Amino acid sequence: MPELPDVEVFRRYLGSTALHKKIKKSHLLDDRLLENAGHQQVVRRLNGNRFQSTDRHGKYLFVHLKDGWTLVLHFGMTGFLKYYKYKEDASEHAKLIIDFANGYHLSYDNQRRLGRIDLTESIGDFVKEQDLGPDVMSDDFDQERFLELLKGRRGTIKGALMNQSVMAGVGNIYSDEALFQAGIYPGRPVEKVKSAEQKKLFRTLRRVLSIAIDKQVDPSRFPRGYLLPNRKPGADCPRCGGKIRKATISGRSAYYCARHQRK
DNA sequence: AATATTGTTCAGCA
DNA sequence: GTGCTGAACAATAT
């Protein structure tokens with residue numbers, strides 16, 4: 001579930017809780033999420049250190065340490081962060097627990113093994129290695145760049161939005177929402193999406209992500225006319241009274257309105 | 001009890 | 001090489 005808005009909410013959460021506090025001890029409870037960094041390397045790097053600032057690129061969270069290194073977290077489909085005081089409040093599937101000198105703890109929880117814990121010295125290098133496209137919410141990601149990235153692309157518009165090498169941050173849920181609001185059928189080939197529609201899609205996508213962040217990714221707080229709070233087959237479309245349908249598009253379950261999303 | 005879910009990776013194909 | 005699709009992966013809910 002964690003797409004760009006979810007990870008941004010995690011980033012702010014960490015920023016308002018765990019920043020600048022002295023790390024007494026760290027516990028890495030599952031080595032299977034490591035890719036480049038080794039167990040000892042992570043633990044030693046964190047112990048005695050401090051979180052200084054945070055960044056995000058797409059669905060990746062970067063936590064800069066005081067010594068210049070950066071902790072990298074990816075949340076897969078089930079990951080989240082929790083800051084808590086009492087040990088008995090520890091989350092159930094904690095993979096990494098940080099004990100702070102103030103007695104509080106921060107845990108990275110991930111029920112499944114899809115996710116990642118890593119260290120890097122440079123976000124730029126990491127992004128390059130992962131072959132990530134520009135972050136969809138970054139200031140220099142504009143309409144021109146969006147159109148440029150879609151140009152010449154084969155496959156579906158939904159597939160292009162979800163492709164992290166094209167642009168980083170959008171997954172199944174928010175690609176559905178953006179296409180729903182832009183009135184474009186998710187399975188439409190990219191080259192069949194007219195320039196005016198692409199421009200509208202860009203604006204819609206940015207607005208959707210921005211509102212999702214504002215509303216703390218709680219669908220019940222989303223404005224009227226959003227697909228997400230009622231994303232299931234057979235539901236009534238909150239925009240036009242059509243029916244919500246489900247189809248497999250670019251390998252994922254796409255939900256769309258059969259009436260107002262033009263093929 | 002089979003199926004759906006979610007994001008990323010990778011084999012395979014055009 | 002490139003880029004896209006679809007299967008595989010984990011672990012749970014329905």
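The structure displayed is predicted, hence computed values, not measured ones. We name chains A, B, ... by the order of the sequence lines, and we start the count at 1 in each one.
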> Could you state the CD-P distance from A/Glu35 to B/dT8, rounded to the nearest angstrom?
Replying inline: 12 Å
> If you check every side-chain atom of A/Gln130, which of B/dG7, B/dA4, B/dT9 has the closest atom?
Replying inline: B/dT9
>> Taking only side-chain N and O atoms of A/Tyr174, does any of them lie within less than 4.0 angstrom of OP1 or OP2 on B/dG7?
In response: no
> Does a donor on one side chain and an acceptor on the other come within less than 3.5 Å for A/Thr78 and A/Arg112?
Replying inline: no
> Given A/Lys158 and A/Ser175, is the side-chain hydrogen bond (donor to acceptor under 3.5 Å, both in side chains) satisfied, shown in steps?
Replying inline: CA-CA 6 Å; A/Lys158 179 175 173 67; A/Ser175 59; 2.8 Å; yes
>> If I take atom CD in residue A/Glu3 and atom C1' in nucleotide B/dT8, what distance separates them, rounded to the nearest angstrom?
In response: 13 Å
> How long is the line joining CZ of A/Phe126 and C1' of B/dT8, in whole Å?
Replying inline: 12 Å
> Which whole-number value in Å describes the distance from A/Arg231 CZ to B/dT5 C1'?
Replying inline: 9 Å
>> Students often mix this up, so state it plainly: with edges at 30° and 60°, are the rings of A/Tyr174 and A/Phe222 parallel, tilted or perpendicular?
In response: tilted
> Looking only at side-chain N and O atoms, does A/His74 come under 4.0 Å of OP1 or OP2 in B/dT8?
Replying inline: yes
>> Regarding A/Lys232, tell me which of base, sugar-phosphate or nothing describes its non-hydrogen contacts under 4.0 Å with the strands shown.
In response: nothing
> Does a nitrogen or oxygen in the side chain of A/Lys246 sit under 4.0 Å from OP1 or OP2 of B/dA4?
Replying inline: no
>> Can you list everything that forms a side chain to side chain donor-acceptor pair (under 3.5 Å) with A/Tyr60? Sequence neighbours excluded, please.
In response: A/Gln130
> In B/S/- notation, 5' to 3', how is nucleotides 4-14 of chain C contacted by protein heavy atoms closer than 4.0 Å?
Replying inline: SS---BBBS--
>> Please compare A/Ser253 and A/Met162 by the position of their nearest nucleotide in DNA chain B and report the one closer to 5'.
In response: A/Ser253
>> Is the distance between the ring centroids of A/Tyr83 and A/Tyr13 under 6.0 Å?
In response: no
>> Nearest whole Å is fine: how far is B/dG7 P from A/Ile117 CD1?
In response: 19 Å
> Quick one: A/Phe75 CZ to B/dG7 P, roughly how many Å, whole number?
Replying inline: 14 Å
> Is the number of heavy atoms from other residues, nucleotides or ligands within 6.0 Å of CD (A/Gln40) greater than 12?
Replying inline: yes
>> Can you see whether A/Tyr108 has A/Lys95 sitting over its ring - NZ or CZ less than 6.0 Å from the centre and within 45° of the normal?
In response: no
> So what does A/Phe80 touch, heavy atoms closer than 4.0 Å: a base, only the sugar-phosphate, or nothing?
Replying inline: nothing
